[in-house]
Amino acid sequence: MKRTKIKIALNSDSAMEEILIKGWVRTKRDNKGFSFLELNDGSSIKTIQAIIDHTPEIEAALARVGTGAAVAISGELVESPGKGQKWEVRGKTLKVIGEADQETFPLQKKRHSDEFLRGIAHLRPRTNKFGAMFRIRSELAQAIHKYFAEKDFFYIHTPIITGSDCEGAGEMFRVTSLEAGSKETAENDFFGKPSHLTVSGQLSAEMFSLSLGDVYTFGPTFRAENSNTPRHVAEFWMIEPEIAFSDLVDDMDLGEDMIKYLITHILDNCPDDIELFAKWVDKTLMSTLEGILREPFKRLPYTEAIEILKKTKKDFEYPVEWGIDLQTEHERFLCEEKFKKPVFVYDYPKTIKPFYMRMNDDNKTVAAMDCLVPRIGEIIGGSQREERMDVLVARMDEAGLNKDEYWWYLDSRRYGSVPHAGFGMGFERMLMLVTGVANIRDVMPFPRTPKSLDF
Ligand code: 4AD
Ligand code: MG
């Protein structure tokens with residue numbers, strides 16, 4: 001007989017004379033003559049209860065079963081007299097698939113702290129909270145592809161190993177096949193020149209936008225920034241749409257629409273898993289998400305944002321001055337206290353932004369936009385791209401970039417250049433937004449952060 005997933009069994013329309021369930025034991029309760037087993041197989045947050053009468057054979061099997069053990073139970077699916085569940089299994093056979101040593105099994109019935117569970121990241125998906133998290137993560141990833149497919153975007157696979165630093169921040173991991181301590185130069189390395197893990201697929205995506213129109217990438221990106229914050233990791237996933245014949249307003253429209261679509265999709269498709277977060281992680285989760293869906297986002301030029309921040313009586317750790325990059329405290333003030341909704345800040349000073357952003361007529365600011373959301377701050381960073389060859393070249397010179405290395409990028413402005421725009425959305429930050437989880441380490445299977453590379 002094939003196993004039935006617990007989610008399917010619990011949603012059954014009718015009783016079943018024969019069913020085979022396989023899963024991990026959450027609890028075992030022994031009574032005189034029979035035992036209850038509570039099983040979860042990861043298919044949903046719900047467990048199924050199995051009741052099994054004692055026979056010498058069953059008792060021998062039960063003696064080997066404790067919390068965390070993997071078992072197979074065959075029997076009947078019958079209506080449950082118990083509260084809160086429609087179906088239960090009247091077990092006939094019990095097979096122990098994998099025992100769990102009760103002396104050392106670290107997951108107890110009680111609630112464990114996030115810190116403790118980070119130390120056993122290989123086992124934490126067996127808990128209710130992290131099972132729910134990783135089902136939502138899967139659903140969110142698929143919703144992103146669904147969103148773009150519905151809008152006729154093409155999915156582009158951009159390289160992970162790259163020779164250019166898109167963001168110009170110099171926060172790149174080197175890729176080499178040379179032995180540690182080797183005195184060889186980059187010319188004798190694998191690619192014959194310095195190579196790195198990508199910080200963004202944007203420059204490649206632009207080439208495809210200027211060929212296929214509307215495209216997106218969705219893949220892992222890497223940053224060697226040494227910041228130990230609840231919002232930064234060294235390896236994260238980024239969604240990067242790039243739209244041709246478009247400007248900064250189109251770009252913000254797309255970002256806003258996408259955030260709203262993804263939230264709606266998760267609320268519609270993961271109600272049981274989301275309920276856990278709304279109940280135990282962030283009591284304001286539902287009102288925050290509903291608030292985001294209800295109204296248009298605020299759109300605010302950087303210069304006005306600075307004026308607002310300067311006028312407030314709040315004591316910021318980082319002083320506010322025109323020209324600074326906004327810090328998380330400033331970003332959170334704008335969307336949590338001032339506007340109480342997501343805020344797009346746009347037209348940032350050119351001095352704090354990369355070379356590819358389109359110069360505005362004031363010659364001081366560029367057509368950049370960041371989307372700020374409650375609790376997190378920046379979730380999206382994007383811009384209209386500089387499509388004018390002469391302005392782009394001047395910006396590259398200012399930034400001290402080697403134009404020979406970017407010959408292919410410049411070609412796109414030489415042949416049929418058009419206004420285009422795009423952005424990057426941090427996939428993990430989106431997951432933090434929809435679940436209310438405050439630490440990025442708790443929305444990733446195996447997070448990579450400074451001095452931490454376990455699992
Ligand atoms: O603002 P960023 O650096 O933008 C870019 O890389 C552009 N090239 C994107 C584009 O226009 N195609 O990064 C985009 C987003 C941020 O808003 C943030 O959500 C996320 O990526 N992000 C990180 N997430 C987790 N850990 C980090 N260290 C992150 N750095 C950026
Ligand atoms: Mg940014």
Side-chain angles (χ1 to χ4, degrees), residues 143-160 162 164-168 198-219 221 237-262 297 299 344 346-348 350 353-361 365-371 379-396 401 403 405-427 430:
I144 283 158
H145 290 301
K146 186 161 180 275
Y147 176 75
F148 287 121
E150 284 171 10
K151 286 185 129 20
D152 284 323
F153 278 59
F154 298 105
Y155 176 30
I156 310 296
H157 297 103
T158 54
I160 306 250
T162 171
S164 53
D165 179 2
C166 172
E167 293 307 291
T198 188
V199 296
S200 160
Q202 176 196 323
L203 302 187
S204 318
E206 278 188 56
M207 300 306 104
F208 279 79
S209 172
L210 295 176
S211 313
L212 305 188
D214 294 338
V215 302
Y216 73 106
T217 73
F218 179 18
T221 47
W237 283 61
M238 195 166 21
I239 305 114
E240 296 184 272
E242 193 70 33
I243 47 180
F245 309 104
S246 300
D247 61 16
L248 192 68
V249 173
D250 300 319
D251 206 29
M252 290 190 274
D253 288 347
L254 179 66
E256 177 168 346
D257 187 60
M258 183 171 158
I259 288 176
K260 288 178 169 170
Y261 176 97
L262 295 176
F297 296 2
R299 299 186 186 189
F344 281 106
Y346 64 94
D347 290 348
Y348 281 80
K350 66 169 182 179
K353 291 293 184 187
F355 73 95
Y356 54 74
M357 296 190 177
R358 192 178 195 279
M359 184 69 71
N360 288 324
D361 291 343
T365 62
V366 287
M369 62 88 163
D370 278 1
C371 182
I379 192 166
I380 280 177
S383 67
Q384 185 171 339
R385 318 308 189 187
E386 184 55 75
E387 86 283 13
R388 298 161 297 186
M389 186 65 148
D390 52 334
V391 188
L392 181 61
V393 164
R395 282 278 283 159
M396 291 177 86
L401 293 177
K403 291 194 294 290
E405 297 263 319
Y406 291 88
W407 64 273
W408 52 275
Y409 189 76
L410 290 166
D411 259 6
S412 69
R413 275 55 173 180
R414 197 169 278 130
Y415 308 121
S417 187
V418 303
H420 61 290
F423 64 77
M425 170 191 279
F427 180 62
M430 187 63 206

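Bear in mind that the values here come from a model prediction, so they are computed numbers and not experimental data.
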Checking side chain to side chain contact (heavy atoms under 4.5 Å, CB included) for the pair Asp347/Leu248: CA distance, chi angles, key distance, verdict? CA-CA 9 Å; Asp347 290 348; Leu248 192 68; 4.1 Å; yes
Begin from the C-alpha positions of Leu262 and Met425 and carry the test side chain to side chain contact (heavy atoms under 4.5 Å, CB included) through to its verdict. CA-CA 12 Å; Leu262 295 176; Met425 170 191 279; 4.2 Å; yes
Under the criterion salt bridge (charged side-chain N to carboxylate O under 4.0 Å, His left out), I'd like the reasoning laid out for Lys260 against Asp257: C-alpha separation, chi angles, the key distance, then a yes or no. CA-CA 5 Å; Lys260 288 178 169 170; Asp257 187 60; over 6 Å; no
Could you go through Asp253 and Arg299, starting from their C-alpha distance and side-chain angles, then the distance that decides it, and tell me whether this counts as salt bridge (charged side-chain N to carboxylate O under 4.0 Å, His left out)? CA-CA 10 Å; Asp253 288 347; Arg299 299 186 186 189; 2.9 Å; yes
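In this structure, Glu386 and Val366 have side chains that are not in contact, with every pair of non-hydrogen atoms separated by 4.5 Å or more. Using a 4.5 Å cut-off on side-chain heavy atoms (C-beta onward), Val215 and Phe153 make no contact. With contacts defined as side-chain heavy-atom distances shorter than 4.5 Å, the pair Tyr348/Asp370 qualifies. Between His420 and Gln384 there is no side-chain heavy-atom pair separated by less than 4.5 Å. When side chains are defined from C-beta on, Ile243 counts as touching Asp214, because their heavy atoms get closer than 4.5 Å. You'll find the side chain of Ile239 stays beyond 4.5 Å of the side chain of Thr217, heavy atoms only. A heavy-atom distance below 4.5 Å is found between the side chains of Leu203 and Trp408. With a 4.5 Å cut-off on side-chain heavy atoms, Met252 and Phe423 do not count as touching.
Rounded to the nearest 0.5 angstrom, Phe344 CZ and Phe297 CZ are separated by 6.0 Å. With values rounded to the nearest 0.5 angstrom, Glu167 atom CD is found 8.5 Å from Lys353 atom NZ. Summarising the geometry, atom CD1 belonging to Ile156 is positioned 10.0 Å from atom OG belonging to Ser204; distances are rounded to the nearest 0.5 Å. To the nearest 0.5 Å, atoms NZ (Lys403) and CG (Leu392) are separated by 10.0 Å. Note: Glu240 CD to Thr158 OG1 = 7.0 Å, rounded to the nearest 0.5 Å. From Tyr346, atom OH reaches atom CG of Asn360 across 10.0 Å, with rounding to the nearest 0.5 Å.
With sequence neighbours excluded, the residues that form a ring pair (Phe, Tyr, Trp, His ring centres under 6.0 Å) with Phe218 are His145, Trp237, Phe427. Residues passing the side-chain contact (heavy atoms from CB on, under 4.5 Å) test with Ile160, sequence neighbours excluded: Leu197, Pro220, Phe222. The side chain to side chain donor-acceptor pair (under 3.5 Å) check on Gln202 picks up Glu206, Tyr356, with sequence neighbours excluded. Not counting sequence neighbours, the partners of Tyr406 by the ring pair (Phe, Tyr, Trp, His ring centres under 6.0 Å) test are Phe355. By the ring pair (Phe, Tyr, Trp, His ring centres under 6.0 Å) test, His157 is found to be paired with Tyr155, residues two or more places apart in sequence or in another chain being considered. For Glu387, the side-chain contact (heavy atoms from CB on, under 4.5 Å) criterion is met by Arg358, Ser417, Pro419, not counting sequence neighbours.
Judged by distance alone, the side chain of Asp247 and the main-chain N or O of Asp250 form a donor-acceptor pair under 3.5 Å. Side-chain N or O atoms of Ser412 include none that pairs as donor or acceptor with a backbone N or O of Leu410 at under 3.5 Å. For Arg413 (side chain) and Asp390 (main-chain N/O), no donor-acceptor pair under 3.5 Å exists by modelled atom type.
The closest side-chain donor-acceptor pair between Ser164 and Glu405, if any, does not fall under 3.5 angstrom.
Shortest non-hydrogen contact noted between Ile259 and Met430 is O-CE, 3.9 Å. In terms of heavy atoms, Pro159 sits closest to Thr198 at O-CG2, 3.7 Å. Gly382 and Met357 get closest at one heavy-atom pair: O-CE, 4.1 Å. The minimum heavy-atom distance linking Arg395 with Pro354 is given by the pair NH2-O, 2.8 Å.
For the side-chain contact (heavy atoms from CB on, under 4.5 Å) with Asp251, the lone residue among Met369, Glu256, Glu242 that qualifies is Met369.
Within 6.0 Å of atom CZ in Phe208, 12 or fewer heavy atoms from other residues, nucleotides or ligands are found, so the atom counts as exposed in its surroundings.
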